[in-house]
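We're numbering straight along the sequence, starting at 1.
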Amino acid sequence: DLWLDVYFLGFVAKSNDEATCDKFFQQITGRAAESSKLTKETVKLFQFILSRPDQYGTAYAQKLAVKFLREHAEAVSE
């Protein structure tokens with residue numbers, strides 16, 4: 001999804017402060033909530049960034065990603 005890609009590009013910037021991470025996280029989760037397909041895509045994107053913590057996102061962004069994955073565990077297992 002183009003919008004998720006745009007939001008994720010902003011979310012993973014290493015220069016982000018917590019407020020910026022929160023802003024992008026809200027946009028990502030809002031878009032993900034629009035359909036189960038978008039939720040699954042979001043799960044995959046968060047899993048990807050967490051698989052490369054030295055390259056993508058701040059420690060705070062990674063915590064938000066883990067939070068989303070825990071809240072959407074059913075989509076993770078599909």
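Taking 4.5 Å as the limit, every side-chain heavy atom of Val66 sits out of range of all side-chain heavy atoms of Leu69. Looking at heavy atoms from C-beta onward, Glu71 lies in side-chain contact with Lys67 at the 4.5 angstrom threshold.
When atom types are taken as modelled, the side chain of Asn16 and the backbone of Thr58 share no donor-acceptor pair closer than 3.5 angstrom.
Rounding to the nearest 0.5 Å gives a distance of 12.5 Å between NZ of Lys40 and NE2 of His72. In this structure, CD in Gln62 is found 9.5 Å from SG in Cys21, a value given to the nearest 0.5 Å. Going from atom CZ of Phe68 over to atom OG1 of Thr42 covers 5.0 Å, rounded to the nearest 0.5 Å. Lys23 NZ to Phe11 CZ: the interatomic distance, rounded to the nearest 0.5 Å, is 12.5 Å.
The side-chain contact (heavy atoms from CB on, under 4.5 Å) search around Phe48 returns Ser51, Arg52, Tyr56, not counting sequence neighbours. Every residue two or more places apart in sequence or in another chain that forms a side-chain contact (heavy atoms from CB on, under 4.5 Å) with Glu41 is listed here: Asp1, Leu4, Asp5, Leu38, Leu45. The side chain to side chain donor-acceptor pair (under 3.5 Å) search around Glu34 returns Arg31, not counting sequence neighbours.
A donor-acceptor contact under 3.5 angstrom links the side chains of Tyr60 and Asp22, judged on distance only.
When all heavy atoms of Phe25 and Leu64 are compared, the pair lying nearest together is CE1-O, 3.4 Å. Pairing each heavy atom of Ala65 with each of Ile49, the nearest pair is CB-CD1, 4.2 Å.
Checked against the 6.0 Å centroid threshold, Phe46 and Phe8 count as a close aromatic pair.
More than 12 heavy atoms of other shown residues, nucleotides or ligands fall within 6.0 angstrom of atom NZ in Lys14.
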